[in-house]
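Report on the structure given below.
Given the structure is predicted, the values throughout are model-derived calculations rather than measurements. Residue numbers begin at 1 in each chain, while the letters A, B, ... track the order of the sequences.
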Amino acid sequence: MYGLCPHRYFPLAQGKLVGDNIQCGYHGFTFAPKGKCVLIPSQGTGSGFVQPVYRVVEKAPLIWIWMGDQALADPDQIVDYSEIGLSQAGWRNSDPLYFHLNGRSQLLVDNLMDLTHLAFIHPQIDGGAAIVNTKYIYEQKGATFRVTRPMDMPWTGFHDFLYGPAVRFEGISRVESVTDFYGPEFIRTGSPVTIAIEGYDAVPDGIGLVYFLHGITPETATTTHYFGLSTRNFRLTDNGLSQALLEIDILTREQDVVAINLVERRLQDAVARQQELLVKSDTAAVRVRGIIQGMLDKENLSNLSGEQGCGSIKASGPEVGD
Amino acid sequence: MYGLCPHRYFPLAQGKLVGDNIQCGYHGFTFAPKGKCVLIPSQGTGSGFVQPVYRVVEKAPLIWIWMGDQALADPDQIVDYSEIGLSQAGWRNSDPLYFHLNGRSQLLVDNLMDLTHLAFIHPQIDGGAAIVNTKYIYEQKGATFRVTRPMDMPWTGFHDFLYGPAVRFEGISRVESVTDFYGPEFIRTGSPVTIAIEGYDAVPDGIGLVYFLHGITPETATTTHYFGLSTRNFRLTDNGLSQALLEIDILTREQDVVAINLVERRLQDAVARQQELLVKSDTAAVRVRGIIQGMLDKENLSNLSGEQGCGSIKASGPEVGD
Amino acid sequence: MYGLCPHRYFPLAQGKLVGDNIQCGYHGFTFAPKGKCVLIPSQGTGSGFVQPVYRVVEKAPLIWIWMGDQALADPDQIVDYSEIGLSQAGWRNSDPLYFHLNGRSQLLVDNLMDLTHLAFIHPQIDGGAAIVNTKYIYEQKGATFRVTRPMDMPWTGFHDFLYGPAVRFEGISRVESVTDFYGPEFIRTGSPVTIAIEGYDAVPDGIGLVYFLHGITPETATTTHYFGLSTRNFRLTDNGLSQALLEIDILTREQDVVAINLVERRLQDAVARQQELLVKSDTAAVRVRGIIQGMLDKENLSNLSGEQGCGSIKASGPEVGD
């Protein structure tokens, strides 16, 4: 439901639930789940007013909201959880994380679609330097966009940390770093996927997958709710690994938050002074910007895009529940 | 006097009084009470410059300022203190209170003219629920506007608190909750006035009156000085009641400040998105908005109304002295 | 070098030096001292891009930067250090000071060119009242502007503090308070220079000179870096005097910072309401404003002057090094 009461624009989140209805905390205007104003206490009746509501799909542990044109809301666009290891048999979800960005959502999308920053702002990720200069393979399917970075890589300290020394191998492995964008606005990154190891017939089971999930919900034109989770399909009962992975995940996302906040602070002025220098590694980010803009245009909402603080209306994305 | 020195725009309030003149704290420019610049120390003389001054009337314990067109300043518009119990024989004034609002003055006027919020944000006022749904009687006389809400009410915990158990009655009383707006910008609210008690010949003297006084002085277009006082005509020597009443008064006004600050924060954006939903209980607030706008129009100041930070010039209202 | 990476507008100051090059802390874009982008790690090569760089002259203990048109950068404009006692034989530099102003640089220039504020905001400067009302002698030479204020003065407490009682004299001395503006943007003020003492053949050597140096570097259109130093040519080994002088210098500059911040906060609104009242003592400030504006016009940068936050580009001034 749109967050401000139409009477005096008081935030409904400061009200309370009365049964399934929400009661505004100022004058008690009460709205039913579909938005209908069912009680104005001072009149003892409801009114014909209907508060805007947005299509929400609860799919544990996430809640998905579509804040655009409701006619275009399509639950089939929600990422297939089996693609991201979320709440799947044989997989383990991490604790949910939340960060508040003082930056527009595009800056987080840019960050995640171009991982060449790993070596520079995430020094804790051993082996991150390998991702700096790779080939790129791009695949678009509707509002979904994948960038695959194939690399050759030896066993690193990060392998040790993730998989343990028991499955250690000698020689070079073929890995792929994959980032998937699911139109607006969810991203899956992950540890490099080991495809083949030189001199081995197959990749050992113990060298599994870790996915880092990024739920991006614009709050205003220049601030963003950033939800995080990770999933993995190995060492499922190893709580020590869960804890260590959570810590490295929090640290990494916090570093991105700091960088994005620094960029946002003077972005408008900076863009006016100097044209953005785009390079090869930006291809995925630029393609994804185009996908999002295309969806906005489709809704005829593009004319609002320059408006101050209007992000929360046209934004869509997940919200982490429990 | 207008608050910024015309020389370097330093706030005169940071200066000091030299006799009856005010000396700017930066370069010592000195202004006589009527605004004339009587000394520029670096020249050893005054200048022809006259700083704007505003009509002020000191009427203890309040100071009244008229910041609009001085030709329209009319001291007879100041509320008759006998109507508000202020500094009257047989009445007691509370200590003065001050609050700073991060919200436009209109939000406070709206709040006070529509008391149906009592049950929702002031839970400490026992019996507040009775005011939610009443009849309304409106009376306008010039820039004064009264809304009366007649109600039937039993003895409540709030009666106990105010009048003490000695005058407790059984049965239902007829009460009126009265709010008076005195054009710009002073409001009197009060405890419900007991008019008649079922089965009694007269209302006992001990069931007296409490008036809550609200002095509203716009500071900028989106911030407001909020002065408070209460007066009562019973239990005059009961210091315990004075203290308890002061505490409940402070709590109540602070709750209003919190609500108003929450509304102001995103108001401009909210109004652009969604038209205000006005209901019956807003009638008084809307009438009073009209009175204020009418006075502004009369001064040909309405063309300034959209201007950032200009509230302090066209604002009028009381300032609490001692 | 312009401070934001052209790729994602990340602040280069958050990066690190790799040899003589600066490497952006986000994606590792690396720039050579003359601005050339010599490495984009994700491409393994540089690019044709050249980041704007500014002419810098290191002249201990200051670094001078020219942020305007590089063709107009003229190191000969840098103040001759022998005129300001900086790093000269027979002189002693104080520790360097730094203050951040929430005010436009012009307010600091105005402040320093018109010392009639001494008596009002710097009460710790004994004898400051003498400067309030003096004659003025103006001299302009290119971008340099001098105002001299000749005064008659007895020995004061400030003389005692600076020179010690050993050189105390009776009677009246002729002094000159001199402020020199060196186009953009460096100012020298100083203790009054004793020219002659009634009844003495010569001014004793012990009555030397103290210069207060003010390096003014605009940060944005409404904020300023303010660097400070003092120099003196007497009691050179007296560490107690150095410490006491430093303390009075910090206090004095902080008082100016407070005043300027107060003025800036509502300046835009204030200027719109009321025309600036200029008086005789503003002559120097107004002349210097004209010199600065003339230099800006010469660079055809004047069309940028109304632009939000653009001060840092067109700004020039010193930065204190060590």
Could you check C:D282 against B:H7 for side-chain contact (heavy atoms from CB on, under 4.5 Å), going step by step and ending with a plain yes or no? CA-CA 9 Å; C:D282 294 315; B:H7 174 232; 2.8 Å; yes
Could you measure the distance from the [atom1] atom of [X] to the [atom2] atom of [Y]? Nearest 0.5 Å is fine.
X     : Y      : atom1 : atom2 : result
B:F10 : C:I260 : CZ    : CD1   : 10.5 Å
B:Y26 : C:L262 : OH    : CG    : 10.0 Å
B:I40 : C:L277 : CD1   : CG    : 5.5 Å
B:F49 : C:Q274 : CZ    : CD    : 4.0 Å
B:H27 : C:N111 : NE2   : CG    : 6.5 Å

Can you tell me if [atom1] on [X] sees more than 12 non-hydrogen neighbours from other groups inside 6.0 Å?
X      : atom1 : result
B:K59  : NZ    : yes
B:D20  : CG    : no
B:R289 : CZ    : yes
B:K16  : NZ    : no

If you tally heavy-atom pairs under 4.5 Å between each of B:C37, B:P11, B:C5 and chain C, the highest tally belongs to B:P11
Please classify the contact of [X] with chain B as side chain, backbone, both or neither, using a heavy-atom distance under 4.5 Å.
X      : answer
C:Q275 : backbone
C:I121 : both
C:D256 : neither

Checklist line | Full working for side-chain contact (heavy atoms from CB on, under 4.5 Å) between B:Q43 and C:V132 | finding: CA-CA 8 Å; B:Q43 306 196 160; C:V132 164; over 6 Å; no
Please report the shortest heavy-atom distance between [X] and [Y], naming the atom on each side.
X      : Y      : result
C:A270 : B:L4   : CB-CD1, 3.4 Å
B:P41  : C:F120 : CG-CZ, 3.5 Å
C:V279 : B:S42  : CG2-OG, 4.3 Å

Backbone N or O of C:E276 within a donor-acceptor pair of the B:Y9 side chain at under 3.5 Å?
yes
